[in-house]
Amino acid sequence: MSQILKSLKVPPNSASLEEARTRTFEFFRMCCRSIPHVMEVYNLHDVVSPSQLRSAAAAEVRKNANVTNPKVIDMLLFKGMEELMNIVNQSKQRHHIVGQYVVGNQGLVQDVSGKDRDASDFLKKFYSSNYS
């Protein structure tokens, strides 16, 4: 794992979009290489599989796929490397990892249909008229 920590460094500015694209792929590979260590350190085997974490990392990278400015891509890579370094250095706790990468930005999915079962007709009409 010390090899991963040594390779985490702030890259210089990308000269072109192709260079930024290459650095993005290198960053994603570095994330994938660190997944087994993260799984072991944070004891995530009972919550998520390595392939699901890899998919979450890929989704985070793909979220910014429409960015075409190399300076913005470099800034996003810097933020991503900082996040990876915090995870690898155990600056986060287990619930941070589970909440951010396992459960995701949506939060826990809850059944909202059961919420209105006991509501009166007046409240049902009110909710449907003002919140739809």
Side-chain angles (χ1 to χ4, degrees):
M1 195 77 256
S2 64
Q3 185 181 22
I4 290 176
L5 291 177
K6 289 178 185 175
S7 65
L8 286 175
K9 58 186 176 186
V10 178
N13 291 335
S14 298
S16 66
L17 185 61
E18 187 60 35
E19 185 179 349
R21 182 176 183 266
T22 303
R23 288 187 181 167
T24 304
F25 287 135
E26 289 173 3
F27 170 70
F28 179 69
R29 285 186 202 108
M30 194 181 316
C31 288
C32 289
R33 285 187 202 113
S34 66
I35 286 177
H37 175 72
V38 170
M39 294 282 294
E40 188 65 33
V41 167
Y42 289 102
N43 194 19
L44 296 174
H45 296 287
D46 59 338
V47 179
V48 68
S49 68
S51 63
Q52 289 172 323
L53 271 183
R54 200 173 306 111
S55 296
E60 288 292 322
V61 170
R62 286 188 189 114
K63 185 168 58 174
N64 298 307
N66 59 348
V67 177
T68 57
N69 186 347
K71 290 183 180 183
V72 175
I73 294 172
D74 288 339
M75 186 264 315
L76 291 170
L77 284 174
F78 176 77
K79 289 174 72 175
M81 286 198 189
E82 184 179 27
E83 180 76 11
L84 180 60
M85 192 176 297
N86 285 338
I87 291 171
V88 171
N89 288 337
Q90 298 178 6
S91 298
K92 292 187 172 223
Q93 294 182 4
R94 183 176 190 260
H95 69 276
H96 295 136
I97 305 298
V98 170
Q100 190 170 5
Y101 299 107
V102 176
V103 177
N105 296 334
Q106 302 291 328
L108 293 174
V109 178
Q110 298 176 354
D111 184 21
V112 294
S113 63
K115 184 172 139 182
D116 293 335
R117 269 188 250 151
D118 297 332
S120 66
D121 289 333
F122 170 76
L123 286 178
K124 288 179 184 177
K125 289 177 186 175
F126 177 77
Y127 291 147
S128 66
S129 66
N130 290 328
Y131 295 111
S132 296

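From a predicted model like this one, the values you see are computed outputs, not experimental measurements. In this chain, residues are counted from 1 in sequence order.
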Residues at least two apart in sequence or cross-chain that pass salt bridge (Lys or Arg N to Asp or Glu O under 4.0 Å) with E26, listed by chain then number, are none
So does A15 get a backbone contact from the side chain of E19, meaning a donor-acceptor N/O pair under 3.5 Å? yes
Separation between CG of N43 and CD1 of I97, rounded to the nearest 0.5 Å: 13.0 Å
Mind checking whether V61 and L53 sit in one hydrophobic cluster, side chains of I, L, V, M, F, W, Y counted as touching below 4.5 Å? no
Side-chain (N69) to main-chain (K71) donor-acceptor, under 3.5 angstrom: yes
Taking every non-hydrogen atom, the tightest pair across L77 and A20: CD1-O, 4.2 Å
Please check if the side chain of D74 supplies one atom and the backbone of N13 the other of a donor-acceptor pair under 3.5 Å. no
Is a side-chain donor or acceptor of Y42 paired with a backbone partner of I87 at a separation under 3.5 angstrom? yes
How would you list, by chain and number, every residue that makes a side chain to side chain donor-acceptor pair (under 3.5 Å) with Q90, sequence neighbours excluded? none
Would you name the heavy atoms of V47 and V102 that are closest together and state the gap between them? CG1-CG1, 3.7 Å
Rounding to 0.5 Å, atoms CD (E60) and CD (Q100) come to a distance of 6.5 Å
Could you tell me which residues satisfy side chain to side chain donor-acceptor pair (under 3.5 Å) with D46, sequence neighbours excluded, listed by chain and number? R94
For S14 and P70, the nearest pair of non-hydrogen atoms, with its separation, is O-CB, 4.2 Å
CD-NZ distance between E82 and K79, expressed to the nearest 0.5 angstrom: 9.0 Å
Minimum heavy-atom separation for C31 to L84, with atom names? SG-CD2, 4.0 Å
Kindly compute the distance separating CE (M85) from CD (E83), expressed to the nearest 0.5 Å. 11.5 Å
Distance (rounded to the nearest 0.5 Å) between M81 CE and F78 CZ: 10.0 Å
What closest approach, in Å, do S49 and M39 show between heavy atoms, and which atom pair accounts for it? C-CE, 4.0 Å
Taking it one step at a time, do T24 and L76 satisfy side-chain contact (heavy atoms from CB on, under 4.5 Å)? CA-CA 9 Å; T24 304; L76 291 170; over 6 Å; no
I need the Y101 OH to L44 CG distance, nearest 0.5 Å. 12.0 Å
Sidechain N-carboxylate O distance under 4.0 Å for R21, E18: yes
Same apolar cluster: F28 and M75, side chain cutoff 4.5 Å: no
For residues F27 and L17: do they belong to one hydrophobic cluster (side chain heavy atoms under 4.5 Å, members Ile, Leu, Val, Met, Phe, Trp, Tyr)? yes
